[in-house]
Amino acid sequence: TKQNRSEIHQNFMAFVDKLLDPQRGSSIKKLTLKSHVGVRGGTDSSRIQTWICNVLDHGVVDLDMFITLKGKSPPVPSLIFKSKTLVKLRLGRGFTIKPSQDVSLPMLRTLFLDSVNFVGGHNVVGTLISRCPVLEELVVEERRCVDWTCSVSSTSLKRLHIRFDRKFTSISLDAPNLVYYKHSGYVLGKYPNVKLDSLIEARLNLRMDERRMQGVRNGD
């Protein structure tokens, strides 16, 4: 029954509350959470943000959050971008990223962003990367209809995967130690700056929109 399902869900959330209680003595090194927010039987966004803050207090190293969202997306807790322990971070779908001036992720080596919302200008990804001095792998996927401009500049970055299912205005790449690059989606309008001196492998799965295809046909 609906009542039984609701009771089961409430019991589960209470269990997670206890599991991630910051008063527990043991540390939590890895957390993977996949949840629905804003739907009947789903988890409320404030609960998820509390859980994130709690595992950060535990010194989490690997954090994987994939949220299916209905309604306004919740902001990522600012503490997540000040973690001194995170080595791997994945944020999927139901989050809004608005990095503050004091962003610092000194241990982060892998960053995966899947269809998250960005606040603070076109190049929020570039801002984040500049505050991750040992970042080695970056994956950015965008499956919605958005107009994006991105600039990636990093001397530590070794692997980069970009996937855009919609229009993507331009990208600049300044990654002299990058050895692997994968790009899926539309051919971009502009490549203002490309510096990939150490590239060994590139995988391109690109397509053109009708306007650019017509330009090719016309010899433009």
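Since this is a predicted model, take the numbers as computed values, not measurements.
The side-chain heavy atoms of Thr110 and Val87, taken from C-beta on, include no pair separated by under 4.5 Å. When side chains are defined from C-beta on, Ile162 counts as touching Ile171, because their heavy atoms get closer than 4.5 Å. For the pair Val16/Lys18, no side-chain contact is recorded, criterion being any heavy-atom separation below 4.5 Å from C-beta on. Using a 4.5 Å heavy-atom cutoff, the side chains of Phe81 and Leu105 are in contact. Residues Leu111 and Leu113 meet the side-chain proximity criterion, which asks for heavy atoms closer than 4.5 Å. In this structure, the side chains of Val55 and Leu63 come closer than 4.5 Å at one or more pairs of heavy atoms. In this structure, the side chains of Ser198 and Leu178 stay at 4.5 Å or more apart for every pair of heavy atoms. Within the 4.5 Å cutoff, the side chain of Leu33 has no heavy atoms near those of the Phe66 side chain.
Between Leu157 and Glu137 the shortest heavy-atom distance is CD1-N, 3.8 Å. When all heavy atoms are compared, the tightest approach of Cys132 to Ser156 is O-OG, 4.2 Å. In terms of heavy-atom proximity, Asp17 sits nearest to Trp51 at OD1-NE1, 2.7 Å. Between Ser104 and Lys84 the shortest heavy-atom distance is OG-NZ, 3.6 Å. Contact between Asp114 and Arg90 at its shortest, heavy atoms only, is OD2-NH2, 4.2 Å.
A chain of hydrophobic side-chain contacts below 4.5 Å, direct or via other Ile, Leu, Val, Met, Phe, Trp or Tyr residues, connects Leu196 to Leu138. Residue Ile52 is grouped with residue Val103 when hydrophobic side chains (ILVMFWY) are merged at heavy-atom distances under 4.5 angstrom, including chains of intermediate members. Using a 4.5 Å cut-off between side-chain heavy atoms of Ile, Leu, Val, Met, Phe, Trp and Tyr, with links allowed through other members, Leu206 and Leu160 fall into the same hydrophobic cluster. The same ILVMFWY cluster, assembled from side-chain heavy atoms under 4.5 Å apart, contains both Leu199 and Val152. Both Met65 and Leu79 are members of a single hydrophobic cluster when ILVMFWY side chains are connected at heavy-atom separations under 4.5 Å.
Glu201 CD to Arg159 CZ: the interatomic distance, rounded to the nearest 0.5 Å, is 7.5 Å.
A side-chain donor-acceptor contact under 3.5 Å links Asn177 to the backbone of Thr155. With hydrogens and angles ignored, the 3.5 Å screen pairs a side-chain donor or acceptor of Ser130 with a backbone N or O of Thr127.
The existence of a salt bridge linking Lys30 and Asp64 is excluded, since no basic side-chain nitrogen approaches an acidic carboxylate oxygen closer than 4.0 Å. Classification of Lys29 and Asp62 as a salt-bridged pair fails, no side-chain N sitting under 4.0 Å from a carboxylate O.
Few gaps surround NZ on Lys82; more than 12 heavy atoms of other groups in view lie less than 6.0 Å from it.
Taking Lys182 as the reference, His161, Tyr180, Ser184, Arg203 meet the side chain to side chain contact (heavy atoms under 4.5 Å, CB included) condition, with sequence neighbours excluded.
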Starting from the C-alpha separation in whole Å, work towards a yes-or-no answer on side-chain contact (heavy atoms from CB on, under 4.5 Å) for Val194 and Asp174. CA-CA 6 Å; Val194 177; Asp174 183 1; over 6 Å; no
message: For a side-chain contact (heavy atoms from CB on, under 4.5 Å) check, start with the C-alpha distance between Ile28 and Leu20, then their side-chain angles and the critical distance, and finish with the verdict.
response: CA-CA 8 Å; Ile28 296 175; Leu20 304 181; 3.4 Å; yes
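The only member of Ile129, Leu173, Val134 that meets side-chain contact (heavy atoms from CB on, under 4.5 Å) when paired with Ser154 is Ile129.
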